[in-house]
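Computed from a predicted structure; not experimentally measured. Residue numbers begin at 1 in each chain, while the letters A, B, ... track the order of the sequences.
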Number of protein chains: 4
Amino acid sequence: MTVEPRRRNDPARRQRIVDATLIVIERHGVAGTTHRRIAEAAAVPLGSVTYYFVTLEDLLTTAFLQLATTSSGAFAARLDAATTRCEAIEGVIDIIAGSVWADPRTLLLSYELYAYAARHPDVTTVMQHWMDNSRAALGRFFDPVTARALDALVEGIGIHNSIDTAPLDRDAIRVIIDRITGDA
Amino acid sequence: MTVEPRRRNDPARRQRIVDATLIVIERHGVAGTTHRRIAEAAAVPLGSVTYYFVTLEDLLTTAFLQLATTSSGAFAARLDAATTRCEAIEGVIDIIAGSVWADPRTLLLSYELYAYAARHPDVTTVMQHWMDNSRAALGRFFDPVTARALDALVEGIGIHNSIDTAPLDRDAIRVIIDRITGDA
Amino acid sequence: MTVEPRRRNDPARRQRIVDATLIVIERHGVAGTTHRRIAEAAAVPLGSVTYYFVTLEDLLTTAFLQLATTSSGAFAARLDAATTRCEAIEGVIDIIAGSVWADPRTLLLSYELYAYAARHPDVTTVMQHWMDNSRAALGRFFDPVTARALDALVEGIGIHNSIDTAPLDRDAIRVIIDRITGDA
Amino acid sequence: MTVEPRRRNDPARRQRIVDATLIVIERHGVAGTTHRRIAEAAAVPLGSVTYYFVTLEDLLTTAFLQLATTSSGAFAARLDAATTRCEAIEGVIDIIAGSVWADPRTLLLSYELYAYAARHPDVTTVMQHWMDNSRAALGRFFDPVTARALDALVEGIGIHNSIDTAPLDRDAIRVIIDRITGDA
DNA sequence: GATGAATGAGGGTTCATTCAT
DNA sequence: GATGAATGAACCCTCATTCAT
């Protein structure tokens, strides 16, 4: 019999807005990301969006930073699960081929992120940290140059596979990685 | 005594508009690309833009296709100049480290391109051709998997170097490529 | 049988917008003056207003400058019609008591103008010219101090009469003016 | 050890809000006077403003009425200090030239007040009282017409001096007043 | 009593697009 | 063919006001 009260102080709302923003970016691109679409996607009144984020740019930055953190975290988590060099290689293959990082959604968002970062220095900084983290995670098993090579390969194959009509399969990826790591 | 007349029927005008569009995208992102900014950058009357391109989307697509063609062409041209496998490797290094492809401008534009392509199937198709061309050019010297690995590496290192405060230098790049190609 | 065409290049439109702006200011105050109200008052599409005036502030400034010019002109015109000191005095009385300057509309607008000018230096400058013109017009018949006194009197009585439930009549005004001019 | 508690039931708070309102009007005009700015200027929580004043208009009216009362009071007080006609004249000069009434702040606020009053009959009424008070104060020393003339002169010279790059000095003001009062 | 989180109406402004010229 | 004047939809954002706490 209780009427659902107009939710006051909804603690999840801010987070819901950020999540909705990423959904809208994915669907419409930064160019098509508007307060109204975000509000609708978050099922939140229009005024809410500007209430929690002074500026649309604020919100975009927050959303992209969250994306970077999440992606970076997933990458590191997968590698942290490895204890041997061999498991680490398997982890990298998972990251590239699987859904750890290179799912279409994350990739599409990362293009938008890169483009956005190029014009927003604070986001660039976070991306640098992201890359540092990835390399540190790889650095547990590989020397620095190899780590960077693998990191770049994740990026490059990920992008190409997302476009390619015939993506590289796990075996092909393994061949390449083995060459880079010298484990051939 | 003749006053320079407002150029009539400028045949290069269409092309100038396309070039200006890429400049505007580079500067303001797709999100900030407007008819007015394009017209200004092209030094062309506002009406010209909609005259040559029915829709802004038409123009963006045209511009991105040109970008893809040009980039792809530069890539292939550099490799076509090589006659030996060794020269080809040098070419790839040039492409990654030099200004053939991985200059900041092209990279920034390519993020925008990837993001745009993900929502415009016709552009995706062209990008697939682009990748095919790159691999064909590499295929003159390397087996298919190696070609794809190198292609991905170009992409990945290019992106990372554009963000990285300490980009990989030519020597490090050579080490990685040698491992991939088995020429170590 | 001619269908009224969508008027292109209506030369009077810009002026109509300015006039409408003064009407809206009079009716709603600067605080209540909006693009939408102006557009409605001018019977012009909303987009027109920002098309002719980049900024609402631009438009307000233009409108107030026109008001100042018109008012100042009316003042001077009335005095220019005088050829003798006596006629000049009659002119001043007309200005104060009549509709030359001190009609309620102009007065109300002038409050808004003064308030606006205080925060817009360029408008202040124009008002200084306005006062200079008034005094110059009075200067044809009166010494400088008398001119300034009369000018202030016009302002002061005008304001008070617009509020007063029992405004000063022409005779009382004449008495005061005669004292100031020493023609008592 | 006591942390200064958020003041409860601050009796001066209502007054502080009114004072802050005048400050905000002075700084931003009625057009730029908002709850938020007032709350900030008064160092008071946002909710306070609507708590003490149901409507922004209520608050503006209250503030303007206070302004009218204060100004009128200062005017009367200065004249009440006079015991002779001569001292009264000196008082009027003080009022015009000094800071009794014609300081820039009060003048700017009075433009806003006049404009506001023109659209708010209750405020107009108070202004009428204000004028009546001024004239009553002058009436102790001067006949009614002279009183009104002096009152108008205060208004007119005050306004003009606030705009004028070369304001009238005390001597010039005295000359004019002497003519009006017939004490020349 | 007091507060600040929350909202939706409406603000100024930009812009893709149209179309008379 | 080419243009730029013109428009109205939609943009981001501000704000008076409400109301649960």
Side-chain angles (χ1 to χ4, degrees), chain A residues 3 5-11 13-14 31-39 44-60, chain B residues 6-11 13-14 31-39 44-60, chain C residues 3 5-11 13-14 31-39 44-60, chain D residues 6-11 13-14 31-39 44-60:
Chain A
V3 175
R6 199 116 59 88
R7 192 80 51 104
R8 296 264 156 186
N9 218 339
D10 177 350
R13 175 167 289 193
R14 200 188 134 93
T33 298
T34 70
H35 279 118
R36 280 160 184 78
R37 286 214 246 245
I38 293 167
V44 142
L46 176 58
S48 255
V49 181
T50 48
Y51 177 73
Y52 283 101
F53 299 90
V54 182
T55 280
L56 186 58
E57 200 153 324
D58 279 359
L59 176 49
L60 286 171
Chain B
R6 209 102 63 78
R7 188 118 14 138
R8 299 199 164 259
N9 220 334
D10 178 347
R13 175 166 289 191
R14 200 189 131 94
T33 298
T34 69
H35 279 119
R36 278 163 184 76
R37 286 214 244 246
I38 292 167
V44 141
L46 175 59
S48 259
V49 181
T50 48
Y51 178 72
Y52 284 102
F53 300 90
V54 182
T55 280
L56 186 58
E57 201 154 323
D58 280 358
L59 176 48
L60 285 170
Chain C
V3 176
R6 199 114 58 89
R7 190 82 50 106
R8 297 265 155 186
N9 219 341
D10 176 352
R13 174 166 290 192
R14 201 187 133 94
T33 298
T34 70
H35 279 117
R36 282 159 183 80
R37 284 214 246 246
I38 291 167
V44 142
L46 175 57
S48 255
V49 182
T50 47
Y51 178 73
Y52 283 101
F53 299 90
V54 182
T55 281
L56 185 58
E57 199 154 322
D58 279 358
L59 175 49
L60 286 170
Chain D
R6 206 103 64 80
R7 189 123 8 146
R8 298 198 166 261
N9 221 333
D10 178 348
R13 175 166 290 191
R14 200 188 131 93
T33 298
T34 69
H35 280 118
R36 278 164 184 74
R37 285 214 246 247
I38 292 166
V44 141
L46 176 58
S48 259
V49 181
T50 48
Y51 178 72
Y52 284 101
F53 299 91
V54 183
T55 281
L56 186 58
E57 200 154 323
D58 280 357
L59 176 48
L60 285 170

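For the pair A:Phe53 CZ and F:dT14 P, the computed distance is 15 Å after rounding to whole Å. In this entry the distance linking CD1 of A:Ile38 with P of F:dC11 reads 11 Å, nearest Å. Atom P of nucleotide F:dA6 and atom CZ of C:Arg14 are separated by 12 Å, given to the nearest angstrom. The OH atom of A:Tyr52 sits 7 Å away from the P atom of E:dT7 (whole-angstrom rounding). The distance from atom CD of B:Glu57 to atom P of E:dC15 is 17 Å, rounded to the nearest whole Å.
For the residue pair A:Arg14 and A:Tyr52, the shortest heavy atom distance occurs at NH1-O, 3.5 Å. When all heavy atoms are compared, the tightest approach of B:Val44 to B:Ser48 is CG1-CB, 3.0 Å. Smallest separation of non-hydrogen atoms from D:Ala39 and D:Leu46: CB-CA, 3.9 Å. A pairwise comparison of heavy atoms in B:Leu56 and B:Thr33 identifies CD2-O, 3.6 Å as the closest pair. Contact record, A:Arg13 with A:Pro45: NH1-CD, 3.9 Å, taken as the closest heavy-atom pair.
The phosphate of F:dA16 (OP1 or OP2) has no side-chain N or O of D:Arg37 nearer than 4.0 angstrom. One finds no side-chain N or O of D:His35 lying less than 4.0 angstrom from the OP1 or OP2 phosphate oxygen of F:dC15.
Picking from F:dT7, E:dA2, F:dA2 the nucleotide with the shortest atom distance to the side chain of B:Tyr51 gives F:dA2. The side chain of D:Thr55 sits closest to F:dT17 out of F:dT17, E:dT17, E:dG12. The C:Pro45 side chain lies nearest to F:dT7 when the options are F:dT3, E:dG12, F:dT7.
Counting any heavy atom pair closer than 4.0 Å across all strands shown, B:Ser48 reaches sugar-phosphate atoms only and no base atom. Contacts of C:Thr34 with the nucleic acid, taken as non-hydrogen atoms under 4.0 Å apart, involve only primed sugar atoms and P, OP1 or OP2. Base contact: A:Leu46 has a heavy atom under 4.0 Å from a base atom.
Residues D:Gly47 and B:Gly47 both approach DNA chain F. Their nearest nucleotides, taken by heavy-atom distance, put B:Gly47 toward the 5′ side. Take the nearest nucleotide of DNA chain F for A:Thr50 and for D:Leu56: the residue whose nucleotide is more 5' is A:Thr50.
Judged by distance alone, with hydrogens and angles left aside, A:Arg36 brings no side-chain donor or acceptor close enough to the base of F:dA10 to form a pair under 3.5 Å.
Nucleotide F:dG4 is matched to E:dC19 when pairs are restricted to Watson-Crick or G-U wobble geometry with both distances under 3.5 angstrom.
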